[in-house]
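The structure appears right after this line, and notes come after that.
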Amino acid sequence: SYRDRIRNFCIIAHIDHGKSTLADRLLELTGTLSERELKDQVLDSMDLERERGITIKSHAIRMKYRARDGEEYILNLIDTPGHVDFTYEVSRALKACEGAILVVDASQGIEAQTISNLYLALGHDLEIIPVLNKVDLPNARPDEVAQSIEELIGEPAEDILRISAKTGEGVPELLERIVQRIPPPKGDPEAPLRALVFDSVFDTYRGAVVYVRVFEGTLKTGERIRFMSNGREYVAEEIGILRLERQPVEMLRAGEVGYVIGSIKDIRSARVGDTITHAHRPASEPIPGFRQVKPMVFSGVFPTNPEQYEELRASLEKLQLNDASLTFTPETSAALGFGFRIGFLGLLHMEIVQERLEREFGLDIITTVPNVEYQVVLRSGEVITVDNPSEMPDAGKIAEIREPYVRADIITPTEYIGPLMQLCQDRRGVYRNQVYLDRTRVNLQYELPLAEIIFDFYDKLKSVSRGYASFDYEILDYRPSDLVRLDILINGEPVDALSTIVHRSKAYEVGRKLTQKLRELIPRQLFDVAIQAAIGSRVIARETIKALRKDVTAKCYGGDVTRKRKLLERQKEGKKRMKQVGRVEVPQEAFLAVLSVG
Ligand code: GDP
Ligand code: MG
């Protein structure tokens, strides 16, 4: 059958281990791209993405390969995002494949995302082909790393391919191995249509371009399709395969990978993970495992200049066209005015969105401290979710607060086990296990509250391990915790944008440090300013900013009017970067102060 000569696979790797470089070599060796066309790393198309060296959105590309058995094969390479924030997308992309190439940098060895991606791939029963990359590097230790791969997945160390994605060494052998080891797709082209959406991007002219892997049935141009999660129907105006550009074809059969375009104006109706079927002969069940991705980290985003509010909304709507996982709702803060509460998949996602708002849309924004979403059981028995600390009900009304926990894998050279365990302990971590990968490297497994890792955990982890430890996590569940809302009052007025949720055991310390930090950040005013930290009505820390005695214009010896005016003007300019809270001027940094007191 036609399916015997199709291979659907992806490349998984820890960041920087050479996934994109290997993809380029495969495109080049199969003649999909000439060297000239091969602007480096074609699969990472977004600028920001290229700069950060991460693959944010997955793409797919089809190659033709004449194997040594004389047959021509179709190789569909599905590119997966490598970062934990996009785990669900990784998982959907893996589902579209029968095999995965696991790339491990022979100078670095196994890292956290090697393991987390491997778990995901094994969870989908993929055929794994491990390769040692960067064997051209003088500090490569292929024998040792091969041994640890053998211990991890059971592939005999001597069978593991050694390649250099950079020079191309060993890559022809890898192509042969892909054909030999990865099974061809199964699925009946006559059955009712089931096509998995593993990605979608927004095209201004065509609407959503939906990337699909057909599992059963055959999809032809002009047919009426239905998204099974929401029942929406469209006409498949164009279907095609993905070379470097989209290439229309008449049909996509079971086992094939391609795209569908159908005047889909809202990318949220074409969600990753959904199943497309025929309107006239629908499949009875969708491909299992679809879920709406849920944002895990929230932060308030406010325009520095209130007049940019509508611009901010328009920009967020634009971003959302290409990022169905981005959610936002209007938020009003007494301190910061009108803005939005934005939900992100994780910290990296948050950084990317903030950066795009500033860079691509030229907006000046103030962001508040990120927080997780809490489940709150009220005394009335009702359960509510709270994604904004200032909306946490008063303690008297609360029976229980639950917070999200993650399962974390930390991979480190053994000499840093001590400090890393200390770090996890400080972050309320629950020790689970430690697994040796080889003589020198160990996988520490912890369960941690998500709230404890969203600020600066990664930086701390890197600093206590001199950069050697790597880290990845997945969301586990919600657990009850002894949490309290810590409020900050300035001259007796609570400042909503400064409220945080903290563990009771840390409330005093955070309260003390936060008030001290605010005392440093808030400039002296013409009157005394009291800064208090409080839990409910109980004040737990207090600092005072003493009044500025001298009028700033006093230096101007009275007479010189122009000079005096200039000074006043300059003062006014300074004010622009301030927010007026009651009578007090509070600088932007203050709204992020809690980040520095962890
Ligand atoms: P990705 O994050 O996994 O996509 O990694 P990249 O493909 O972007 O590679 C990260 C860095 O490693 C880049 O600077 C590459 O040029 C380099 N690199 C990738 N493969 C090799 C290799 O085989 N040998 C050497 N010396 N460098 C490589
Ligand atoms: Mg890459």
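In listed order, ligands and their atoms are each counted from 1. This is a predicted model, so every value here is computed, not measured.
- Considering backbone and side-chain atoms alike, G18 places an N or O below 3.5 Å from some N or O of ligand 1.
- Screening residues 113-130 for salt bridge (charged side-chain N to carboxylate O under 4.0 Å, His left out) gives E127-R181 as the qualifying pairs, with residues at least two apart or on separate chains.
- Between Y416 and Y468, the ring planes lie parallel to each other; the angle is under 30°, not in the 30° to 60° tilted range.
- Residue contacts with ligand 1 for D136 involve side-chain atoms from C-beta outward but no N, CA, C or O (heavy atoms, distance under 4.0 Å).
- One option in K19, K166, K134 has a heavy atom closer to atom 11 (C) of ligand 1 than any other, and that option is K134.
- Salt-bridge annotation for E144 and R439: present, with a side-chain N of the basic residue lying under 4.0 Å from a carboxylate O of the acidic one.
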Check: Is there a ring-ring contact (aromatic ring centres under 6.0 Å, His included) between Y446 and Y431 once you walk through the steps?
Finding: CA-CA 5 Å; Y446 268 86; Y431 171 80; 5.6 Å; yes
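- The parts of D16 lying near ligand 1 are both backbone and side chain, judged by heavy-atom distances below 4.0 Å.
- In terms of N/O distances under 3.5 Å, ligand 1 is approached by A165.
- The contact set between ligand 1 and L137, taken as ligand atoms under 4.0 Å from a residue heavy atom, comprises 26 (N).
- Figure legend: cation-pi geometry between R253 and Y2, with NZ or CZ positioned under 6.0 Å from the six-membered ring centre and within 45° of its axis.
- Looking at H124, its side chain does come within 3.5 Å of a backbone N or O of S91 through a donor-acceptor pair.
- Each of the atoms 6 (P), 7 (O), 9 (O), 15 (C), 19 (C), 20 (N) of ligand 1 lies under 4.0 Å from some heavy atom of T21.
- Close contacts of ligand 1 with S164, meaning ligand atoms under 4.0 Å from a residue heavy atom, involve 22 (C), 23 (O), 24 (N).
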